[in-house]
Chemist: 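Structure incoming, see below.
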Amino acid sequence: MAAPAIALDVGAPPIEAADAEAHDAPREDPFGLDPELRRRVLPAARFLHDRYWRIEVTGIRHVPTSGPALLVANHSGAIPFDGAMIVTAVELRRQRTLRFLYDRFVENLAPVATFYDKMGGAVATREKAVALLKADELLLPEGVPGVAKSFGDRYRLRSFSPGFARLALALDVPIVPVAVVGAEEIYPVVGRAEGVGRFLGVPYVPVTPFFPLLGVLGALPLPTKWFIRFGKPIRLEAQDVEARWQRARHEATRVRRTIQEMVVRLKRRRRSVFFG
């Protein structure tokens, strides 16, 4: 029996093998998502979700299992752990990657921006939001006004930018309202050091009863009890271009009121900030 032929040129694989490898290789995400890093981070996120904040999630059936959607939520002060926990809840219960937008000031913090990109984030521009939604992704917008609230203003939603409503109208994607209760007590923000923030390239540095007084220990979030509620999807009817801008402002206000009512109902359920 003749011995099998041995390829002399080992520097390049046969065309068929190269094509198979290219076909099997995972496609690189255009926004920088690193699935392997997400898998490594998930156990830590799950610990915070299940054990530390003991999050009770309801209404997850309202998050679509396929296709694009905008998830719009109330946001708390300081570090946006609430967004991370919404992403985790969707990952664990819907097995979907929830993309998120982060504000442009984060680009001044290059390591943070790189980490966000690898975790599925993208800087908040209309172009990137449109591209993600057209790629059938779930998308969670983010904004500075919501995360800049003081402790005294907790659970009082500020005016929403109409940008998400414009996207929903232009691309005909549903809006899933999301209410979070418990996150606004993890960092009781009593002040904002805006001068220090400008020096660091961020809007402000939060001041809490524990930070910066206790240093790194003061930056640890409190182990409050959380509730997350996903509401029924809201589908906006498309309008002509001339009326779209005014309609977007109206719909943004309507969505904000819906989420505010959801937050109020969740707050009425709990008897204790730490024990639910």
Side-chain angles (χ1 to χ4, degrees), residues 24 26-50 53-75 80-102 116-122 124 128-142 160 163-181 183 226-238 251-252 254-255 258-259 261-263 265-266:
D24 294 338
R27 295 176 57 187
E28 184 176 349
D29 185 82
F31 300 94
L33 172 68
D34 185 340
E36 180 58 32
L37 179 61
R38 278 181 64 99
R39 282 192 290 270
R40 293 202 301 266
V41 171
L42 183 59
R46 186 164 195 163
F47 168 78
L48 292 173
H49 182 285
D50 294 348
W53 287 311
R54 298 148 288 140
I55 301 176
E56 291 187 26
V57 178
T58 54
I60 193 66
R61 67 185 183 280
H62 295 310
V63 177
T65 56
S66 62
L70 282 159
L71 276 63
V72 181
N74 61 304
H75 291 296
F81 278 113
D82 50 358
M85 291 299 100
I86 294 172
V87 169
T88 302
V90 172
E91 179 93 18
L92 295 176
R93 292 173 172 80
R94 227 43 176 168
Q95 289 76 51
R96 291 199 66 182
T97 297
L98 173 57
R99 302 296 192 119
F100 58 93
L101 299 179
Y102 58 83
Y116 280 5
D117 289 344
K118 290 179 179 294
M119 293 302 294
K128 291 193 174 182
V130 168
L132 285 165
L133 291 171
K134 284 187 174 181
D136 287 342
E137 299 281 2
L138 297 176
L139 185 60
L140 177 70
E142 181 64 67
F160 282 11
F164 73 90
R166 292 172 190 158
L167 287 169
L169 286 167
L171 301 178
D172 190 26
V173 298
I175 296 169
V176 179
V178 186
V180 183
V181 167
W226 288 29
F227 300 88
I228 298 179
R229 171 70 181 176
F230 296 89
K232 295 180 180 179
I234 300 170
R235 178 76 70 168
L236 308 184
E237 296 181 4
E251 294 295 350
R254 182 165 72 99
V255 172
T258 297
I259 297 173
E261 292 171 358
M262 293 167 61
V263 167
R265 287 196 295 269
L266 283 179

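Every heavy atom of this structure was used, including side-chain atoms; hydrogens, water molecules and symmetry mates were not.
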Chemist: Please name all residues satisfying side-chain contact (heavy atoms from CB on, under 4.5 Å) with P233, sequence neighbours left out, ordered by chain then number.
Modeler: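 Only H62, P174, V176 meet the side-chain contact (heavy atoms from CB on, under 4.5 Å) criterion with P233.
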
Chemist: Name all residues meeting the side-chain contact (heavy atoms from CB on, under 4.5 Å) criterion together with D34; count only those two or more places apart in sequence or in a different chain, and write none if there are none.
Modeler: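 Listed in chain order: E36, L37, K118.
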
Chemist: For A252 versus F164, what's the shortest heavy-atom pair and its separation?
Modeler: CA-CZ, 3.7 Å

Chemist: Can you name the residues that form a ring-ring contact (aromatic ring centres under 6.0 Å, His included) with F31, not counting sequence neighbours?
Modeler: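 ring-ring contact (aromatic ring centres under 6.0 Å, His included) check on F31 returns nothing, list empty.
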
Chemist: Excluding sequence neighbours, so at least two apart, what forms side chain to side chain donor-acceptor pair (under 3.5 Å) with R38?
Modeler: E91

Chemist: What residues form a side-chain contact (heavy atoms from CB on, under 4.5 Å) with R254, not counting sequence neighbours?
Modeler: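 Here the qualifying residues are I234, L236, E251.
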
Chemist: Please tell me if the side chains of V181 and V263 come closer than 4.5 Å, counting only heavy atoms from C-beta onward.
Modeler: yes

Chemist: Would T97 and L138 count as a side chain to side chain contact (heavy atoms under 4.5 Å, CB included) here? Give the steps.
Modeler: CA-CA 7 Å; T97 297; L138 297 176; over 6 Å; no

Chemist: Which residues pass the side chain to side chain donor-acceptor pair (under 3.5 Å) test with D50, not counting sequence neighbours?
Modeler: R46

Chemist: Between F230 and V57, does a side chain to side chain contact (heavy atoms under 4.5 Å, CB included) hold up when you go through it step by step?
Modeler: CA-CA 8 Å; F230 296 89; V57 178; 3.6 Å; yes

Chemist: Taking all heavy atoms of A179 and all of M262, pick out the closest pair and write down the distance.
Modeler: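 Shortest heavy-atom separation between A179 and M262 comes out as CB-CB, 3.6 Å.
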
Chemist: Side chains of L167 and V173, heavy atoms from C-beta outward: is any pair under 4.5 Å?
Modeler: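 Of all side-chain heavy-atom pairs linking V173 with L167, none is under 4.5 Å.
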
Chemist: Using salt bridge (charged side-chain N to carboxylate O under 4.0 Å, His left out) as the criterion, list what pairs up with R265, not counting sequence neighbours.
Modeler: none

Chemist: Sequence neighbours excluded, which residues qualify as side chain to side chain donor-acceptor pair (under 3.5 Å) partners of Y102?
Modeler: D117

Chemist: Please say which of F47, F227, F81 ends up in a ring-ring contact (aromatic ring centres under 6.0 Å, His included) with W53.
Modeler: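 Result for ring-ring contact (aromatic ring centres under 6.0 Å, His included) with W53: F81.
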
Chemist: Could you tell me which residues satisfy side-chain contact (heavy atoms from CB on, under 4.5 Å) with A124, sequence neighbours excluded, listed by chain and number?
Modeler: L101

Chemist: Would you please test F100 and I86 for side chain to side chain contact (heavy atoms under 4.5 Å, CB included) and show each step?
Modeler: CA-CA 10 Å; F100 58 93; I86 294 172; over 6 Å; no

Chemist: What's the spacing between N74 CG and I228 CD1 if we round to 0.5 Å?
Modeler: 9.5 Å

Chemist: Considering non-hydrogen atoms only, spot the tightest contact between I55 and R93 and give its length.
Modeler: O-NH2, 4.3 Å

Chemist: The test is side chain to side chain contact (heavy atoms under 4.5 Å, CB included); show your working for L33 and E137 and say whether it passes.
Modeler: CA-CA 12 Å; L33 172 68; E137 299 281 2; over 6 Å; no

Chemist: Return each pair, listed once, that meets salt bridge (Lys or Arg N to Asp or Glu O under 4.0 Å) where at least one residue sits in residues 61-72; pairs must be two or more places apart or across chains.
Modeler: none

Chemist: Please enumerate all residues that pass salt bridge (charged side-chain N to carboxylate O under 4.0 Å, His left out) together with E56, with sequence neighbours excluded.
Modeler: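 Checked E56 against salt bridge (charged side-chain N to carboxylate O under 4.0 Å, His left out); matches are K225, R269.
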
Chemist: Which atom names give the shortest non-hydrogen contact between A69 and L133, and what distance separates them?
Modeler: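 Answer, listing the atom of A69 first, then L133: O-CD2, 3.9 Å.
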
Chemist: Among L71, L140, D29, V87, which one satisfies side-chain contact (heavy atoms from CB on, under 4.5 Å) with R99?
Modeler: D29

Chemist: Would you please name every residue forming a salt bridge (charged side-chain N to carboxylate O under 4.0 Å, His left out) with R96, sequence neighbours left out?
Modeler: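 With sequence neighbours excluded, R96 shows a salt bridge (charged side-chain N to carboxylate O under 4.0 Å, His left out) to no residue whatsoever.
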
Chemist: Could you check whether any side-chain heavy atom of V180 comes within less than 4.5 Å of a side-chain heavy atom of H75, counting everything from C-beta outward?
Modeler: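 Heavy-atom side-chain distance check fails, nothing below 4.5 Å.
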
Chemist: Main chain of V63, side chain of R94: is a donor-acceptor contact present, judged purely on distance under 3.5 Å?
Modeler: yes

Chemist: Does the side chain of L42 come within less than 4.5 Å of L92's, by heavy atoms?
Modeler: yes

